[in-house]
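What follows is a set of notes on a single structure, which appears directly below.
Below, read A as the first sequence line, B as the second, and so on, with proteins coming before strands; counting in each chain starts at 1.
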Amino acid sequence: MREIRFYNTLGRTLETFVPLQAGAVQVYTCGPTVYGHAHIGNLRTFVFEDFLRRSLSYLGLEVTQVMNLTDVDDKTIQRSNEAGLSLDDYTAPFIQSFFEDLETLHVERAEHYPRATEHIPEMIAMIETLLEKGFAYVSDGSVFFRIAADDDYGRLSGIDLSQQMRGERVASDEYEKEDARDFVLWKAAKEGEPSWDSPWGLGRPGWHMECSAMSMKYLGESFDIHCGGVDNIFPHHENEVAQSESATGKPFVKTWIHSEHLMVDGAKMSKSLGNQYTLKELLERGIEPRAIRYLFVSAHYRQKLNFTFDSVAAAANALERVDKMRFRLASASENGGPSATITAAIERLGQDVANALANDLNASEALAAVFQLVRDVNKVIEQGAVGQGDRERVIAALADVDRVFGVLDPGDWQQDDDAADGLSDEAIEGLLADRQAARKSRDFAESDRIRDELQGQGILIEDTPQGPRWRRG
RNA sequence: GGCGACGUGGCCAAGUGGUAAGGCGAGGGUCUGCAAAACCCUUAUUCGCCGGUUCGAAUCCGGCCGUCGCCUCCA
């Protein structure tokens, strides 16, 4: 098996990745908090995690992925109250919307999507363990993690809180903490809030606790990879490490992989700038989900990616380059045996893609390999040297690497209504025949009229020495 | 203030000590009735700036300039 290297936030180095169990890999990915529709920044992260999942699988590992749904926290509670709905009724449409977005962007399903509200007993059990071991304390019906008891707190994020806040004893909100640095594991219920019964009275879990308890339930006390956006490094993931390792005495996560943020027009997305697009808003503006996925996948995950309408347009054009090669190939005639050039190009593609992915998911290099194939195949087509079985072999090679990218086959992204409206194949063939007749009699006004008519219907025509070809654009 | 990331052609972007991938865009050519498509060629002697290490640096070290992120619940 090829050596896989990842950049581990824990230690901030590129290191060889060796799964805890040979041949299998466990991945926990922080999911959405379902108080609203996901914005495209959230979706970049989810698409990246999908890319990671597909890459691991492509490299021969069996993946078990868990993505949590945070369906109880300050925001979900506040907004459900404002809406006059129960927590479940309030979050349900956003959960549905989240899954629709994933589907639109062809994100593969994770193995588990645990919901916080369905794992309260596991969280309570873990908090009890922390209390028993002296890593937590109860205060006014809430439970806090005692950071002073955790020697290596700050290992993941590199933040040294002792310099900043130790001993200040700040009362945060209405909760009383021993130390300003301490974070909440269990929040006592306030008036009118949804709550669960616990040894400390009615309340609800803290956010960090949700992820620790659910990841351990599905992946065990120690597992391979934990992902999330960079903003989660501190405090969320730092706190997960603290509470998890304090509870079990074992290493929690081997490799932490964090993806950078999506920017919009060069700025961080924010409500005030009005650049917090949802996927549905972009679709309404006529942007193809396929181009969005390509854009997200084409940049390195640890690099900020600037989303602009120009950049999605460029992404769409890049995809078109692959589509056009496919199109030309499909109508190329076979001459002689398999092309040695194509054999070599296919061999090289597989190697280059796998190597690029194994090197900290270098998507740009992997895609460069795809375009290398496109160039090589184009040349063979141009030379009329496409041989027996070459067309199928190239399509199969593309399909093989597309297990990772999930964008290369336009057929996968066809709108249902595409074939329904517009001209039938037979009608198009008929018009093309008319056009050929007009061309033959040098009636170019007529032939151009037919071409324009077809183009008006979204049918693209290409004339070749072997005759015209067409496709739906 | 603390911690961290980044600055590569018109735009996007790879590169982890050996002499600048790839995509978009642009220009020229071939082909074509004209287009379109494709193919070929061109588009960074240079990688923010200044020093240093080295036979050799975009890649390592130091300084400076600039952009950005995190610093208690935002992917």
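Contact record, A/F405 with A/R293: O-NE, 2.8 Å, taken as the closest heavy-atom pair. Between A/S244 and A/M126 the shortest heavy-atom distance is CA-CE, 3.6 Å. Nearest heavy atom pair, residue A/E15 against residue A/T255, reads OE2-OG1, 4.3 Å.
Of the candidate nucleotides B/rC68, B/rC73, B/rC39, B/rC39 has the atom lying nearest to any side-chain atom of A/N378. Across B/rC39, B/rG33, B/rA75, the shortest atom-to-atom separation from the side chain of A/N42 is found for B/rA75. Of the candidate nucleotides B/rC34, B/rA38, B/rC39, B/rC39 has the atom nearest to the side chain of A/K379.
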Set out, line by line, the N/O atom pairs under 3.5 Å between protein and nucleotides 18-23 of chain B.
residue: B/rG22; atom: O3'; partner: A/R375; partner atom: NH2; Å: 3.4

Close N/O contacts between protein and nucleotides 28-30 of chain B (under 3.5 Å):
none

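Base engagement by A/H39 is indicated by at least one non-hydrogen atom pair under 4.0 Å involving a base atom. In this structure, A/L14 reaches the bases: a heavy-atom distance under 4.0 Å links it to at least one base atom across the strands shown. As judged by a 4.0 angstrom heavy-atom cut-off over every strand, A/D310 is placed among residues making no nucleic acid contact. Residue A/N306 is classed as having no contact, given no heavy-atom separation below 4.0 Å to the nucleic acid. As judged by a 4.0 angstrom heavy-atom cut-off over every strand, A/M325 is placed among residues making no nucleic acid contact. A/S447 comes within contact range of at least one nucleobase, with a heavy-atom separation under 4.0 Å.
Taking every heavy atom of residues 226-238 of chain A and every atom of RNA chain B, pairs under 4.0 Å involve A/G228, A/G229, A/D231, A/N232, A/F234, A/P235, by number. Within residues 66-79 of chain A, the residues having any heavy atom closer than 4.0 Å to RNA chain B are, in order of number, A/K75.
Comparing the same atom, P, in B/rU16 and in B/rA58 gives a spacing of 12 Å after rounding to whole Å. Taking atom P on both B/rC61 and B/rU67, the two are 24 Å apart, rounded to the nearest angstrom. Rounded to a whole angstrom, the distance from the C1' atom of B/rU32 to that of B/rA38 is 12 Å. The C1' atoms of B/rC47 and B/rC6 are separated by 14 Å, rounded to the nearest whole Å. Rounded to a whole angstrom, the distance from the P atom of B/rA14 to that of B/rC50 is 25 Å. B/rG48 sits 15 Å from B/rA57 when the P atoms are compared, rounded to a whole Å. Taking atom C1' in both B/rC39 and B/rG51, one finds a spacing of 47 Å when rounded to whole Å. Taking the C1' atoms as reference points, B/rG7 lies 14 Å from B/rC12, given to the whole Å.
Each of A/S441, A/P468, A/S447 was checked for a side chain to side chain contact (heavy atoms under 4.5 Å, CB included) with A/Q436, and the lone residue meeting it is A/P468. Tested against A/E210, the residues A/R204, A/E240, A/M123 include a single side chain to side chain contact (heavy atoms under 4.5 Å, CB included) partner, A/M123.
Take A/R5 and apply the side chain to side chain contact (heavy atoms under 4.5 Å, CB included) test, not counting sequence neighbours, and it matches A/E3, A/L14, A/T16, A/N359. Under the side-chain hydrogen bond (donor to acceptor under 3.5 Å, both in side chains) criterion, A/E347 pairs with no residue at all, not counting sequence neighbours. Partners of A/D376 according to the side-chain hydrogen bond (donor to acceptor under 3.5 Å, both in side chains) rule, which considers only residues two or more places apart in sequence or in another chain, do not exist here. In this view, A/Q65 and A/T29, A/R53 satisfy the side-chain hydrogen bond (donor to acceptor under 3.5 Å, both in side chains) rule, not counting sequence neighbours. Partners of A/D151 by side chain to side chain contact (heavy atoms under 4.5 Å, CB included), not counting sequence neighbours: none found.
Helical stems in RNA chain B, defined as runs of 3 or more consecutive Watson-Crick or G-U wobble pairs with both donor-acceptor distances under 3.5 Å, are listed by first residue as B:1-7 with B:65-71, B:10-12 with B:22-24, B:25-30 with B:38-43, B:48-52 with B:60-64.
For A/N362 and B/rG15, a side-chain-to-base donor-acceptor distance below 3.5 Å is absent, hydrogens and geometry of angles not being considered. Between the side chain of A/R451 and the base of B/rC34, a donor-acceptor pair under 3.5 Å is found.
For A/E288, the CD atom is loosely surrounded, since the number of other residues' heavy atoms within 6.0 Å does not exceed 12. When the shell of 6.0 Å around CD of A/E100 is examined, it contains more than 12 heavy atoms from other residues, nucleotides or ligands.
The interatomic distance linking A/K324 (NZ) with B/rC39 (C1') rounds to 14 Å, in whole Å. Following rounding to the nearest Å, A/F327 (CZ) and B/rA37 (C1') show an atom-to-atom distance of 8 Å. With rounding to whole Å, A/L432 atom CG is found 13 Å from B/rA36 atom C1'. B/rG69 atom C1' lies 8 Å from atom NZ of A/K268, rounded to whole Å. In this structure, CG of A/L357 is placed 14 Å from C1' of B/rA14, rounded to the nearest angstrom. Rounded to a whole Å, the CZ atom of A/R442 is 11 Å from the C1' atom of B/rU32. Atoms CG (A/L305) and C1' (B/rA14) sit 14 Å apart, rounded to a whole Å. Residue A/F444 contributes atom CZ, which lies 8 Å from atom C1' of B/rC34 at whole-angstrom precision.
Under the 6.0 Å cut-off for aromatic ring centres, A/Y137 and A/F145 do not qualify, their centroids lying 6.0 Å or more apart.
Side-chain contact between A/N306 and A/S311 is absent, with no heavy atoms from C-beta onward closer than 4.5 Å. Using a 4.5 Å heavy-atom threshold, the side chains of A/F51 and A/Y301 count as separate. A/D179 is not listed as a side-chain neighbour of A/I147, based on a closest heavy-atom distance of 4.5 Å or more.
Under a 3.5 Å cut-off, the side chain of A/D140 and the backbone N or O of A/S142 do not form any donor-acceptor pair. Looking only at distances, no side-chain donor or acceptor of A/S246 sits under 3.5 Å from a matching main-chain atom of A/Q243.
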**Item:** Working for ring pair (Phe, Tyr, Trp, His ring centres under 6.0 Å), residues A/H37 and A/F94
**Value:** CA-CA 6 Å; A/H37 296 285; A/F94 297 120; 5.1 Å; yes
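Pairs passing the salt bridge (Lys or Arg N to Asp or Glu O under 4.0 Å) check and including a residue from residues 356-366 of chain A, sequence neighbours excluded, read A/R302-A/D360.
Each of A/E49 and A/H300 was assigned the nucleotide of RNA chain B with the nearest heavy atom; the assignment lying further toward the 5' end belongs to A/H300. Across the interface with RNA chain B, nearest-nucleotide mapping of A/I40 and A/R439 shows A/R439 to be the residue nearer the 5′ end.
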**Request:** Classify every nucleotide of nucleotides 4-10 of chain B by which part a protein heavy atom approaches to under 4.0 Å, writing B for the base, S for the sugar-phosphate alone and - for neither, in 5'-to-3' order.
**Result:** --S----
